[in-house]
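This is a predicted model, so every value here is computed, not measured. Computed over heavy atoms, backbone and side chain alike; hydrogens, waters and symmetry mates excluded. Each chain gets a letter, A, B and so on, in the order the sequences are listed, and its residues count up from 1.
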Number of protein chains: 2
Amino acid sequence: MGNKTATDLLTVGSDRSPSRAREDYVKAIYQLGGGAPVRAAAVARYLNVSRVSVSKAKRLLEGDGLLESEPAPAKPLRLSHKGRALAVAMVRRHRLLETFLHRSLDVPLERVHAEAERIEHVISDDLASRIAAFLGRPSSDPHGHPIPYDDATAAGAALPTLASVAVGACVVVVSLDDRDDEAVGALAAAGVLPGATVRVERNDTAQMRVRCGKRTVSLNRHHAAMVRIAT
Amino acid sequence: MGNKTATDLLTVGSDRSPSRAREDYVKAIYQLGGGAPVRAAAVARYLNVSRVSVSKAKRLLEGDGLLESEPAPAKPLRLSHKGRALAVAMVRRHRLLETFLHRSLDVPLERVHAEAERIEHVISDDLASRIAAFLGRPSSDPHGHPIPYDDATAAGAALPTLASVAVGACVVVVSLDDRDDEAVGALAAAGVLPGATVRVERNDTAQMRVRCGKRTVSLNRHHAAMVRIAT
DNA sequence: GGTTAGCGTTAGCCATGGGTAACAAGACTG
DNA sequence: CAGTCTTGTTACCCATGGCTAACGCTAACC
């Protein structure tokens with residue numbers, strides 16, 4: 001490529017376009033509540049913005065028909081049908097992009113999320129379909145999350161995490177939380193990936209020990225908490 | 001895919017993020033001038049914005065070190081070294097994306113430009129490199145424009161257009177102007193694509209007639225003007 | 001030489017996205 | 001029950017991107 005890292009040639013602080021911000025709010029509400037109403041403060045924390053910004057965004061989103069907030073005393077943010085459809089579409093695009101970036105372009109697992117996070121706001125539905133077809137309609141992304149092909153909300157109950165597993169137990173890795181790049185990098189390096197079988201050998205200090213295939217690896221507990229597992 | 005065209009779920013007017021706008025200005029200045037200074041009014045027309053917006057953008061771009069506008073009486077906008085590097089990077093990304101969208105995802109030629117136009121602002125240099133590698137470092141995009149792999153400005157003189165060719169002459173199509181979707185669609189349908197050999201059979205009215213391979217097709221002169229040719 | 005057209009700039013307005021400071025109300029905690 | 005969070009909202013402020021109106025200047029054109 002060129003001699004300069006051109007990405008650094010222009011760095012503007014926020015870089016929030018109107019639709020990008022709105023889509024982020026909708027996605028956050030959806031991912032926090034899984035369809036159920038969510039508190040504005042939770043959204044603020046999730047997106048690292050002030051409560052005020054959420055409050056203002058609320059009005060705009062209502063104007064767009066994406067939100068159906070109850071009248072006077074009721075606080076929680078609730079997505080409208082339209083809002084939910086948008087959220088699911090965003091999740092679909094995100095996961096398809098992650099899969100494509102990882103499988104076809106060899107982007108390291110821990111960088112896939114950030115890249116998809118930006119691209120998901122600018123691709124058309126048609127393009128998302130084409131990517132899905134190109135990949136053979138994969139059922140899950142590289143972090144182990146299912147890809148929703150229709151708007152049927154398949155939220156699913158939260159699974160336990162690897163950090164909560166008792167010593168001696170043998171579990172199967174289901175998914176990694178892609179929001180934590182550092183954890184994903186460490187886990188991928190350790191071979192703790194969706195589908196892997198893992199036996200917990202020690203789990204008392206900040207570092208747990210885990211047997212993964214032929215290797216015994218040491219895992220930061222915080223990182224282990226990013227791993228959803230099944231028995 | 002889902003039942004709703006989720007792209008329509010949110011439609012915000014301008015959708016100009018800070019970096020997007022700046023990158024568009026830089027690209028416009030570059031493409032209009034090919035490295036040479038450009039008049040602000042020309043940029044305004046090219047981007048469909050007011051002269052005032054260009055004037056304000058000028059100051060911001062100077063602040064970013066992307067523009068080196070002369071002091072008092074001199075008017076034209078001139079890109080700095082950094083600005084030129086960014087412009088070339090944008091062109092590179094754009095053309096790589098177009099190539100990928102067309103070759104790998106089968107996006108119709110006339111839709112490739114618009115899609116790339118949005119994505120080019122959000123992908124990293126690393127991703128652009130990976131796309132280039134994935135495609136085998138193609139030398140030109142599907143419209144026939146060269147892909148610049150280094151920052152050496154290979155502007156190249158403007159070639160004549162198909163509309164200016166005398167009857168009876170036989171020419172080779174070099175490139176199509178991807179900014180005109182309608183023309184690109186019509187030309188692609190007619191088989192007038194980069195690399196094709198074309199003989200002009202009539203060129204007097206608004207519709208010219210052209211022999212392209214085994215077919216004789218009728219071409220709108222305006223569309224023919226979007227075709228750059230060589231002998 | 002005067003008129004006219006085009007150009008760049010300033011002043012002022014709007015929307016969006018983000019931020020503090022401050023406050024009233026509800027929800028916990030003691 | 002009092003005290004302390006927490007929460008949502010309001011009132012302002014800032015930056016960006018875009019707009020129109022208006023002005024001064026230059027450069028053509030008669």
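- For B:Val165, the side-chain contact (heavy atoms from CB on, under 4.5 Å) partners are B:Leu162, B:Ala169, B:Val171, B:Val200, B:Ile229, not counting sequence neighbours.
- Each of D:dT7, D:dG17, C:dC7 was ranked by its minimum atom distance to the side chain of B:Arg45; first place goes to C:dC7.
- Qualifying ring-ring contact (aromatic ring centres under 6.0 Å, His included) partners for A:His223, counting only residues two or more places apart in sequence or in other chains: none.
- Atom P of nucleotide C:dT16 and atom CZ of B:Arg20 are separated by 18 Å, given to the nearest angstrom.
- Contact annotation: side chain of A:Lys56 to base of C:dG17, donor-acceptor pair absent below 3.5 Å.
- If you take CD of A:Glu23 and P of C:dT16, they are 16 Å apart, rounded to a whole angstrom.
- D:dT26 atom P lies 12 Å from atom CZ of B:Arg39, rounded to whole Å.
- Rounded to a whole Å, the NZ atom of A:Lys58 is 17 Å from the P atom of C:dG18.
- Following rounding to the nearest Å, B:Leu60 (CG) and D:dA15 (C1') show an atom-to-atom distance of 9 Å.
- Residue pairs meeting the side-chain hydrogen bond (donor to acceptor under 3.5 Å, both in side chains) criterion with at least one partner in residues 101-111 of chain B, sequence neighbours excluded, are A:Asp126-B:Arg111.
- Every residue meeting the side-chain contact (heavy atoms from CB on, under 4.5 Å) condition with A:Asp177, not counting sequence neighbours, appears here in chain and number order: A:Arg179, A:Met226.
- Scanning residues 47-55 of chain B for heavy-atom distances under 4.0 Å to DNA chain C yields B:Arg51, B:Val52, B:Ser55.
- Side-chain atoms of A:Arg59 lie closest to D:dT10 of the nucleotides C:dT9, C:dT16, D:dT10.
- Every residue two or more places apart in sequence or in another chain was checked for a ring-ring contact (aromatic ring centres under 6.0 Å, His included) with B:His143, and none qualifies.
- The CG atom of B:Leu32 sits 13 Å away from the P atom of C:dC7 (whole-angstrom rounding).
- Environment of CD in B:Glu182: sparse, with no more than 12 heavy atoms of neighbouring residues, nucleotides or ligands closer than 6.0 Å.
- In terms of phosphate contacts, B:Tyr25 brings a side-chain nitrogen or oxygen within less than 4.0 Å of OP1 or OP2 of D:dG18.
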